[in-house]
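Beneath this line is the structure, given in structure tokens, with notes to follow.
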Amino acid sequence: MFCQEWQDEVPDGEEKPRAQSSKSFSERHPDAIKPFQANWATFSRLHYTANVFIVCTLIFFIIQILWLALGEEEIYLVSFALFCIQMMFSWAGLVWVYKLIDTHYNEFLKLIPNVSKKAEHEIFLKHQKIFRNRNMIICGALSGVVAAAGDYYLGTPFVTQEARIIFAVFEFANMFFAGAGAYSLFWFAAFISSLSENSKIKALIISKSNVANTIGDVHLKTAILVLMPLSLGIVAKVVGDWSWYPEHMAWYGFFSLIIIVYIFWPIDNIHRLLVKEKEMELDKIGKKLKKAHSDFHIRASERNLARLRSLQELENILESKNTWPFDLKSLSAVFVSIIFPIFLMIADKWSLFEKMTSWLQSL
């Protein structure tokens, strides 16, 4: 079996590998830190998504009453509705990521050849770092202050001062969840990146690409979670008469770039290892093909022809093999989702839709 020598031989001073359990992370470590978002979403016996939906709906209901009392334009309630959905994604999404990591814990352990108490404790510490509540709250508060103060300073399309204050308070709460989630996802990405740096793990990834694909699939799901709030935030400001300043475009452009980095940075090591595996396999097939061609020229038998065709077919399959540990079609959908909101922002900024309508009417 591949890498069996690693499993049988344990260097002096190291612990013997432990048999892997099917238990999730929370079952192995019942006293481990839970993100505050998960604790806040369990105030009733309902599913956490239902609890988050109830809270965000209640917030929107209160805003709606205040908005109508102030006599502000009702079109901006559509923006608030989209912002509330954005908050739901940021809040419930982080809980979903926590549960996703919890249930896929054994997949992460499979990337470690010798699962000793020491190795498992290191993963435990990294898990705690991902969901460290104090740091998440600090990042969330900073994000909320920057976003709320920035929009308040640049200006909002509301008539009354009370409406501007309501939006600032709401935006702080909304970006608080977004910033807290961003902290956790950054350290989760760093954790995935660090997994493939060990030399033994590199060979293990090559021998078990399915494990790498599982990790890549989990990572891509978290990338979609990062993308959704950004898209909703842009679409929410296309409604009504929101002003697009260079600072806004820089803000959303920066986060779009961060999402692209977030997708590729953690799994770049795994990608390069899968490229190496593909090159090794193609090299082996190339040598066999060379011999098969030689054998066929010496003796043009049906058996040699069948072997030659079989090797050529195998080479074609390997040539088309994906070296990114996730489905490329899903990745394409992610990029379209990134580009579309940015297009809406640019179109709204330069009134492209109005210009296009006028042009069509003139035809």
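The structure presented is a predicted model; accordingly, all values stated were derived computationally and were not measured. Residues take their numbers from the sequence shown, with the count starting at 1.
- Between Phe158 and Trp67, the gap from one ring centroid to the other is short of 6.0 Å.
- Within 6.0 Å of atom CZ in Phe36, more than 12 heavy atoms from other residues, nucleotides or ligands are found, so the atom counts as buried in its surroundings.
- When the shell of 6.0 Å around CZ of Arg307 is examined, it contains 12 or fewer heavy atoms from other residues, nucleotides or ligands.
- Looking at Gln312 and Arg309, their side chains never bring a donor and an acceptor atom within 3.5 Å of each other.
- Hydrophobic clustering of Ile, Leu, Val, Met, Phe, Trp and Tyr side chains at less than 4.5 Å, counting indirect connections, unites Trp265 with Ile192.
- For the atom pair Gln161 CD and Ile165 CD1, the distance stands at 4.5 Å (nearest 0.5 Å).
- Looking at heavy atoms from C-beta onward, Ile298 lies in side-chain contact with Ser294 at the 4.5 angstrom threshold.
- Ring geometry, Phe83 versus Phe80: the interplanar angle exceeds 60°, so the pair is classed perpendicular (tilted spans 30 to 60°).
- Between Ala38 and Thr42, the shortest heavy-atom contact is O-CG2, 3.2 Å.
- Under a hydrophobic clustering in which Ile, Leu, Val, Met, Phe, Trp and Tyr are joined whenever their side-chain heavy atoms come within less than 4.5 Å, directly or via other members, Phe131 and Leu125 fall into the same cluster.
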> side-chain contact (heavy atoms from CB on, under 4.5 Å) between Ser143 and Phe176: does it pass, once the steps are laid out?
Replying inline: CA-CA 6 Å; Ser143 299; Phe176 170 78; over 6 Å; no

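- Environment of NZ in Lys288: sparse, with no more than 12 heavy atoms of neighbouring residues, nucleotides or ligands closer than 6.0 Å.
- A donor-acceptor pair is defined here as one N or O able to donate and one able to accept, closer than 3.5 Å; no such pair exists between the side chain of Glu315 and the backbone of Ile285.
- Leu308 and Ala292 get closest at one heavy-atom pair: CD1-CB, 3.9 Å.
- Val55 pairs with exactly one of Thr57, Ile59, Asn51, Val52 by the side chain to side chain contact (heavy atoms under 4.5 Å, CB included) rule, that one being Ile59.
- Atoms CG and NZ, on Leu318 and Lys284 in that order, are 10.5 Å from each other to the nearest 0.5 Å.
- The closest side-chain heavy-atom distance from Leu70 to Val159 is not below 4.5 Å.
- The main-chain N or O of Phe177 is never found under 3.5 Å from a side-chain atom of Ser90 such that the two would form a donor-acceptor pair.
- Taking a 6.0 Å sphere around CD of Glu319, one finds it holds more than 12 heavy atoms contributed by other residues, nucleotides or ligands.
- Summarising the local packing, CZ of Phe167 is surrounded by more than 12 heavy atoms from other residues, nucleotides or ligands at distances under 6.0 Å.
- In this structure a side-chain-to-backbone donor-acceptor pair under 3.5 Å is missing from Ser184 to Gly181.
- In the hydrophobic clustering of ILVMFWY residues, with side-chain heavy atoms under 4.5 Å counting as a link, Phe53 and Phe89 come out together.
- Inter-residue side-chain proximity for Trp91 and Trp40 is flagged as met; some heavy-atom pair is nearer than 4.5 Å.
- Listed here is the closest heavy atom pair of Ser79 and Ala236: OG-O, 2.7 Å.
- The shortest non-hydrogen separation linking Met87 to Cys56 is SD-SG, 3.9 Å.
- With sequence neighbours left out, the side chain to side chain contact (heavy atoms under 4.5 Å, CB included) criterion links Lys129 to Arg132, Tyr183, Trp187.
- A distance of 5.5 Å separates CD of Gln64 from CG of Leu77, quoted to the nearest 0.5 Å.
- In this structure, Gln128 places its CD atom where more than 12 heavy-atom neighbours from other residues, nucleotides or ligands lie under 6.0 Å away.
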> Going through the checks in order, is the side-chain contact (heavy atoms from CB on, under 4.5 Å) test met by Met136 and Gln37?
Replying inline: CA-CA 10 Å; Met136 279 197 289; Gln37 295 94 327; 3.8 Å; yes

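- Proximity of Phe25 to Ile101: side-chain heavy atoms (C-beta onward) are nowhere separated by under 4.5 Å.
- Under a hydrophobic-cluster definition in which Ile, Leu, Val, Met, Phe, Trp and Tyr are linked whenever side-chain heavy atoms come within less than 4.5 Å, directly or via other members, Phe124 and Tyr98 are assigned to the same cluster.
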>> Working note: Tyr48 + Lys99, criterion side-chain contact (heavy atoms from CB on, under 4.5 Å); need CA distance, chi angles, decisive distance, verdict.
In response: CA-CA 11 Å; Tyr48 73 90; Lys99 292 182 178 293; 3.6 Å; yes

> Can you list the steps and then say if Asp102 with Ser26 is a side-chain hydrogen bond (donor to acceptor under 3.5 Å, both in side chains)?
Replying inline: CA-CA 6 Å; Asp102 184 61; Ser26 57; 3.1 Å; yes

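- Rounding to the nearest 0.5 Å gives a distance of 7.0 Å between CD1 of Ile166 and OG1 of Thr160.
- Annotation for Phe43: atom CZ counts as buried by contact number, over 12 foreign heavy atoms lying within 6.0 Å.
- Taking NZ of Lys237 as the start and CG of Leu232 as the end, the distance is 13.5 Å to the nearest 0.5 Å.
- In this structure, CD1 in Ile63 is found 12.0 Å from CG in Leu68, a value given to the nearest 0.5 Å.
- Nearest heavy-atom pair, Met175 versus Gly144, reported as atom, atom and distance to 0.1 Å: CB-CA, 3.8 Å.
- Side-chain atoms of His29 never come within 3.5 Å of backbone atoms of Asp31 as a donor-acceptor pair (strictly under, hydrogens ignored).
- Side-chain heavy atoms closer than 4.5 Å link hydrophobic residues (I, L, V, M, F, W, Y) into clusters, and following such links, possibly through other members, connects Trp242 to Ile85.
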>> What verdict does the side-chain contact (heavy atoms from CB on, under 4.5 Å) test give for Ile138 and Arg134, after you've listed the backbone C-alpha separation in whole Å, the side-chain angles of each residue and the deciding distance to 0.1 Å?
In response: CA-CA 6 Å; Ile138 291 172; Arg134 183 190 63 182; 4.2 Å; yes

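- No donor-acceptor pair under 3.5 Å is formed between the side chain of Asp151 and the backbone N or O of Thr156.
- Counting all heavy atoms, side chain and backbone alike, Phe60 lies closest to Cys84 at CB-SG, 3.6 Å.
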